[in-house]
Amino acid sequence: MKAAIYCRLSEEDRNKHFETEDSNSIQNQKAMLLQYAMEQGWEVYNLYSDDDYTGADRRRPEFNRLLKDAEARRFDIVLCKTQSRFTRELELVEKYIHGLFPVWGIRFVSIVDNADTANKGNKKSRQINGLVNEWYLEDMSENIRSVLTNRRQNGFHIGAFALYGYQKDPDRKGHLIIDKEAAAVVREVFTLFSQGYGKTAIARMLNDRGIPNPTEYKRLHGLRYQQPKRKNSTLWKYFAISHMLSNELYIGNMVQGKYGSISYKTKQNKPRPQSKWYRVEGTHEPIIDRPLWNRVQAMLAQRSRPFASGTVGLFARKAICAGCGYTLRSSKNHGRHYLQCSSRHVAKDACAGAFISVERLERMVLDELNRLAAAYLDREELERNIEFCENLQEQKKQLLSSLSAYEKRIAEYTKGLGDLYIDKVRGLLNEEDFAALSRDFSLEKSRLECARRESRRQLAEIEDRIALGDNRKALMEQYVNLDHLTREIVEILIDHITVGKRIPGTRNVPIAIYWNF
């Protein structure tokens, strides 16, 4: 039998002497698992080790290499110290340990918590381990979030890197000090803008002088900053200048929390409304004085004019240059709106440049959307099959009945937990039996409470639909045979659009639409 050994140590419990060496705990895991494999007579196929990764991180390099080798059936056993070393997510426990591993003919063994898929009798304990680990992740996430929120509210900087123009104070954690070299560039940008230079012109001037942009500046100064994998990623761009000119950190105010995580299970972030930002004034030395700041903000306000409708551009942040990968800027000429790549204006030979009118891009998107609808959708069949319940009142009645049953059973388990404790006090139950029974009761009660919450959510949706009526035809008309687009439709249907340079000798502009469906 061939065994693959997997070890993991998270960031919070590392104890390394040097950055390049494995943590002592990793070494202990390796020794323990190698000894166990030898005692079982298993041949060690390979040793996979992830150091400084949490159990919820699905991007662990060695973890993913292990899964790839497992799918290729290169070994027979996955051996870990505990199940939580493999993963703390219940979803991955079910997907791999209870799902794909048996399909691939692979046995999972963790020696400390005695998880072994060859023993069918301990599947429930493995699932409970997964549930406990899931709770641990959620609790840890909430604790970390609470600490970070408190530090933000008190004006401490908590980012991995200081904003361009500043550096982290080595003597005061969470405090910023001025980086003289970068601060000089920041002052120049504000001064040039106040003198009437445009953002693209300022970017071009900095690029012509060979001044590295903020991301390249970090890399050149030895910071472990991941450079974007895009063409011309070392150049100053319009948006870098624009963000700099409106950032309050340059007048000494700490503004944080502009983005928030979607869930503790993912590293993806989404923008937060300005009302939820954390803003504390006077936390560090300003680079820009107030008179210059106020003058620049007044000029920005004069220049910031939305489209005639007063709303955000139809394809704002959705149209991307196919040549360099940067977001297209909007412009207006003779009453018509255009999208263009600014890269060709910030440096010589930076990009061939994409250019298209908003009106033409809208027509091309509509034509493609309607072509897809005609090719793949049967309107009558679609209307028949859209999931609207024909008898909402009957569904509401069934949900109310289910809710009543859940309430009754939850009350029974609550009373049962109390009775168990009384039996333990009276000596009718020993500690081991009490722990086993109360754990089972608690798990079943939690499951019922989850089912109750879901039923209440479904009931609220049903009641809303009863109030609004069955509007499936109206919904159909929103997205089939459209004659114009709205910003809402663009947000719902389109992830992004790449726009190329016009084909010479023609009026054709190549585009590629990446849909959300």
Using atom types as modelled and distance alone, determine if a side-chain donor or acceptor of N64 lies under 3.5 Å from a backbone N or O of R58.
yes

Determine the minimum heavy-atom distance between I494 and K318, stating which atoms define it.
O-NZ, 2.8 Å

At their closest point, which heavy atom of Q83 faces which heavy atom of A115, and how far apart are they?
OE1-CB, 4.0 Å

Residues in side-chain hydrogen bond (donor to acceptor under 3.5 Å, both in side chains) with Y48, at least two apart?
D69

Could you pull out all residues at least two apart from H284 that satisfy ring-ring contact (aromatic ring centres under 6.0 Å, His included)?
Y166

Applying side-chain hydrogen bond (donor to acceptor under 3.5 Å, both in side chains) to T82 and not counting sequence neighbours gives S84

Check whether any side-chain heavy atom of Y36 lies under 4.5 Å from a side-chain heavy atom of L79, and answer yes or no.
yes

Partner set under side-chain hydrogen bond (donor to acceptor under 3.5 Å, both in side chains) for K445, not counting sequence neighbours:
T414

Verify side chain to side chain contact (heavy atoms under 4.5 Å, CB included) between W104 and Y96, making sure each step is shown before the conclusion.
CA-CA 10 Å; W104 298 337; Y96 290 106; 4.2 Å; yes

Drop me the distance from I97's CD1 to D116's CG, to the nearest 0.5 angstrom.
11.0 Å

Using a 4.5 Å cut-off on heavy atoms from C-beta on, say whether the side chain of M32 contacts that of Q29.
no

Let me see the working for F86 and F63 under ring pair (Phe, Tyr, Trp, His ring centres under 6.0 Å), right down to the final yes or no.
CA-CA 8 Å; F86 180 75; F63 176 76; 5.1 Å; yes

Going by the rule salt bridge (charged side-chain N to carboxylate O under 4.0 Å, His left out), which residues pair with K68 if we only count those two or more places apart in sequence or in a different chain?
none

Look at the side chain of R279 and the backbone N and O of V255, then say whether any donor-acceptor pair between them is shorter than 3.5 Å.
no

If we only count heavy atoms from C-beta on, is the M254 to L249 side-chain gap below 4.5 Å?
yes

What residues, two or more places apart in sequence or in another chain, satisfy salt bridge (charged side-chain N to carboxylate O under 4.0 Å, His left out) together with K81?
none

Once you round to the nearest 0.5 Å, how far does CG of L67 lie from OH of Y6?
9.0 Å

Could you list the residues that satisfy side-chain hydrogen bond (donor to acceptor under 3.5 Å, both in side chains) with N253, not counting sequence neighbours?
E248

About how many Å separate CZ of F108 and CD1 of I77, when rounded to the nearest 0.5 Å?
12.0 Å

Residues in ring-ring contact (aromatic ring centres under 6.0 Å, His included) contact with F75, at least two apart in sequence or another chain:
Y45

Hey, are the side chains of T117 and P102 touching, using non-hydrogen atoms and a 4.5 Å cut-off?
no

Would you indicate whether the side-chain heavy atoms of I106 and R73 approach each other to under 4.5 Å?
no

Take K218 and F161 through the side chain to side chain contact (heavy atoms under 4.5 Å, CB included) test and state the conclusion after the steps.
CA-CA 9 Å; K218 290 184 179 74; F161 302 97; 3.7 Å; yes

Just to verify, what does V44 make a side-chain contact (heavy atoms from CB on, under 4.5 Å) with, not counting sequence neighbours?
I5, L34, A37

Short N-O contact, R107 and D76, less than 4.0 angstrom
no

Suppose the criterion is salt bridge (charged side-chain N to carboxylate O under 4.0 Å, His left out): which pairs have a residue in residues 399-413, not counting sequence neighbours?
E407-R452, E407-R456, R409-E444

Check: Y53 and L9 side chains under 4.5 Å, non-hydrogen atoms:
no

Can you find a pair of side-chain heavy atoms, one from C321 and one from V499, that are under 4.5 Å apart?
no

Atom CD of E94 and atom CG of L100: how far apart are they, to the nearest 0.5 Å?
11.5 Å

Could you tell me which residues satisfy side-chain contact (heavy atoms from CB on, under 4.5 Å) with H496, sequence neighbours excluded, listed by chain and number?
I320, T498, Y514

How far apart are the closest heavy atoms of W277 and G257, and which atoms are they?
CD1-O, 3.5 Å

For S442, is there any backbone N or O sitting under 3.5 Å from a side-chain donor or acceptor partner on S446?
yes

Nearest heavy atoms of L176 and K168, plus distance in Å:
CD2-CA, 4.4 Å

Looking only at heavy atoms, the pair that brings Q256 and I158 closest together is OE1-N, 3.1 Å

Distance (rounded to the nearest 0.5 Å) between L33 CG and C7 SG
5.0 Å

Nearest atoms (heavy-atom pairs only) where S49 meets E62
O-CG, 3.1 Å

Is there side-chain contact between V186 and M244, with at least one heavy-atom pair below 4.5 Å?
yes

Atom pair CZ (R453) and SG (C450), whose distance is rounded to the nearest 0.5 Å
4.0 Å

Stepwise, does the side chain to side chain contact (heavy atoms under 4.5 Å, CB included) test hold for Q167 with H221?
CA-CA 11 Å; Q167 55 186 283; H221 284 74; over 6 Å; no

Could you tell me whether a side-chain N or O of E368 sits under 3.5 Å from a main-chain N or O of I513, the two making a donor and an acceptor?
no

Take atom CZ in R457; do more than 12 heavy atoms of anything else shown fall under 6.0 Å from it?
yes

Go through the structure and list residues passing ring-ring contact (aromatic ring centres under 6.0 Å, His included) with Y164, not counting sequence neighbours.
Y217, W236

